[in-house]
2 protein chains.
Amino acid sequence: MQLHKPDVVDAAAAILDNYGIADLTMRRLARELNVSPGALYWHFANKQELLGAVADRILRSAVVDVTGLGWRRAIQDSCAALRDAVLSHTDGAELVSASFAAGQSATVVQILDQLAAAAAEAGAHGDDADSTARTLIYYVLGFTVDEQSRRQWDAAGALPDEQSVLMSDTDRQFAFGLSLLIDGLAVHGAAHDPATGTAN
Amino acid sequence: MQLHKPDVVDAAAAILDNYGIADLTMRRLARELNVSPGALYWHFANKQELLGAVADRILRSAVVDVTGLGWRRAIQDSCAALRDAVLSHTDGAELVSASFAAGQSATVVQILDQLAAAAAEAGAHGDDADSTARTLIYYVLGFTVDEQSRRQWDAAGALPDEQSVLMSDTDRQFAFGLSLLIDGLAVHGAAHDPATGTAN
DNA sequence: ACCTGAACACCGTTCAAGT
DNA sequence: ACCTGAACACCGTTCAAGT
């Protein structure tokens with residue numbers, strides 16, 4: 001049977017989830033698919049492009065509809081969905097972060113656009129809306145990479161889990177950092193667009 | 001002559017500056033130092049530790065004295081110094097970002113402490129001051145990794161430089177994102193500590 | 001059009017043995 | 001204490017040749 005792009009990406013995602021990013025190599029992936037390493041290069045120009053496709057697969061659940069929510073909830077929901085998506089796969093934050101930095105994730109760009117639209121709604125103009133969106137992405141990816149590496153570190157040490165109905169500490173920390181950005185944006189929006197003021 | 005840790009780090013930094021992070025390998029470094037690859041493992045446990053030492057070398061100029069400046073300038077100056085330091089070495093942002101994520105840079109922790117102190121001065125308590133400091137670092141590292149990869153991309157294409165006495169666009173964008181965080185922090189500080197209010 | 005086989009030019013890390 | 005030599009177990013990528 002022939003090799004198709006979605007099958008390759010699925011197999012790559014499976015290696016990621018079961019063994020982590022260090023084991024996601026072209027040779028290992030080829031072995032799993034019962035093809036020679038060179039075969040992958042018919043479908044993908046290089047490893048970066050393959051990883052970008054895996055990143056976009058991870059981010060399928062990260063694109064949420066936020067129309068009509070108001071800019072605050074739009075930002076909160078988009079960022080929460082992004083965080084949840086990357087945390088739900090082994091080394092997902094690291095992979096998406098690297099693919100974003102390499103300019104290989106179309107989906108991150110899509111999320112960036114959504115966030116920029118929300119920033120515009122908050123009163124940021126043109127360039128500032130883009131800067132705001134990028135700042136939000138830097139925050140979410142930086143936070144989640146950190147969060148995920150800590151998790152995996154003390155998954156070995158197996159700390160007492162402390163689960164409850166309450167928000168976990170990391171949830172609160174995530175919300176706090178995000179609130180700094182959102183409140184800062186509100187200040188800027190109010191300064192440049194007094195009509196809207198502190199509404200929403 | 002014997003191999004000493006600072007010499008190894010200097011040689012590694014030289015490779016980084018002249019050839020980039022992809023060429024900073026243990027074997028290449030050993031070749032440059034006229035030793036066998038195994039020799040490096042007498043002085044450093046592994047590559048991560050070596051890279052952490054290089055990161056700390058890059059960050060020597062990133063630790064600035066901000067006592068008595070007030071929390072806004074303290075944050076602005078610390079972040080500007082961090083940005084300048086990583087941008088002054090080829091792939092410096094990527095290296096420092098990776099070393100920070102791997103928990104191998106003592107200097108980033110030091111900067112983190114400074115930022116947390118400034119956040120406390122702004123009215124953030126305990127955990128929130130730490131969260132604020134981490135958020136600032138995520139921002140600066142995310143921004144600079146992006147900025148540096150764009151620079152290197154169009155260093156090949158050699159776009160017209162557009163240098164002038166004016167602030168460059170990236171300087172303004174950096175300041176804008178940072179102002180979101182600073183203004184957000186001011187809102188939180190004012191909310192929890194009405195006495196200080198909007199001073200500083 | 002799609003894939004194999006084999007090569008090219010590398011990696012990080014370990015470790016017995018030397019001095 | 002510090003380093004060599006050599007090995008182990010891999011990498012990403014290319015490309016003539018096959019079907």
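Protein chains get the first letters and strands the later ones, always in sequence-line order, with residue 1 at the start of each.
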*Does the side chain to side chain contact (heavy atoms under 4.5 Å, CB included) test come out yes or no for R150(B) and E147(B), once each step is laid out?*
CA-CA 5 Å; R150(B) 283 170 206 264; E147(B) 181 180 10; 5.8 Å; no
*Strand partner of dC15(C), provided both Watson-Crick or wobble distances fall under 3.5 Å*: dG5(D)
For [N], take OP1 and OP2 only and decide whether either is under 4.0 Å from a side-chain N or O of [X].
{"X": "H4(A)", "N": "dC2(C)", "result": "no"}
{"X": "H43(B)", "N": "dA1(D)", "result": "no"}
{"X": "W42(B)", "N": "dC3(D)", "result": "no"}

*P gap between dC10(C) and dA9(D), integer Å*: 23 Å
*Which class fits the ring pair H188(B) and F176(A): parallel under 30°, tilted 30 to 60°, perpendicular over 60°?*
perpendicular
*asked:* Checking Q173(A) against S131(B): is there a side-chain donor and acceptor pair closer than 3.5 Å?
replied: no
*In whole angstroms, how far is the P atom of dC3(D) from the CG atom of N34(B)?*
13 Å
_Rounding to an integer number of Å, can you tell me how far L33(A) CG sits from dC3(C) P?_
10 Å
Does the side chain of [Y] come within less than 4.5 Å of [X]'s, by heavy atoms?
{"X": "L40(B)", "Y": "K47(B)", "result": "no"}
{"X": "L24(B)", "Y": "D91(B)", "result": "no"}
{"X": "W71(B)", "Y": "I182(B)", "result": "yes"}

*Per S36(B) side chain, nearest of listed nucleotides dT4(D), dC3(C), dC3(D)*: dT4(D)
*Which letters describe nucleotides 7-19 of chain D, given B = protein heavy atom under 4.0 Å from base, S = only from sugar-phosphate, - = neither?*
B---BBBBB----
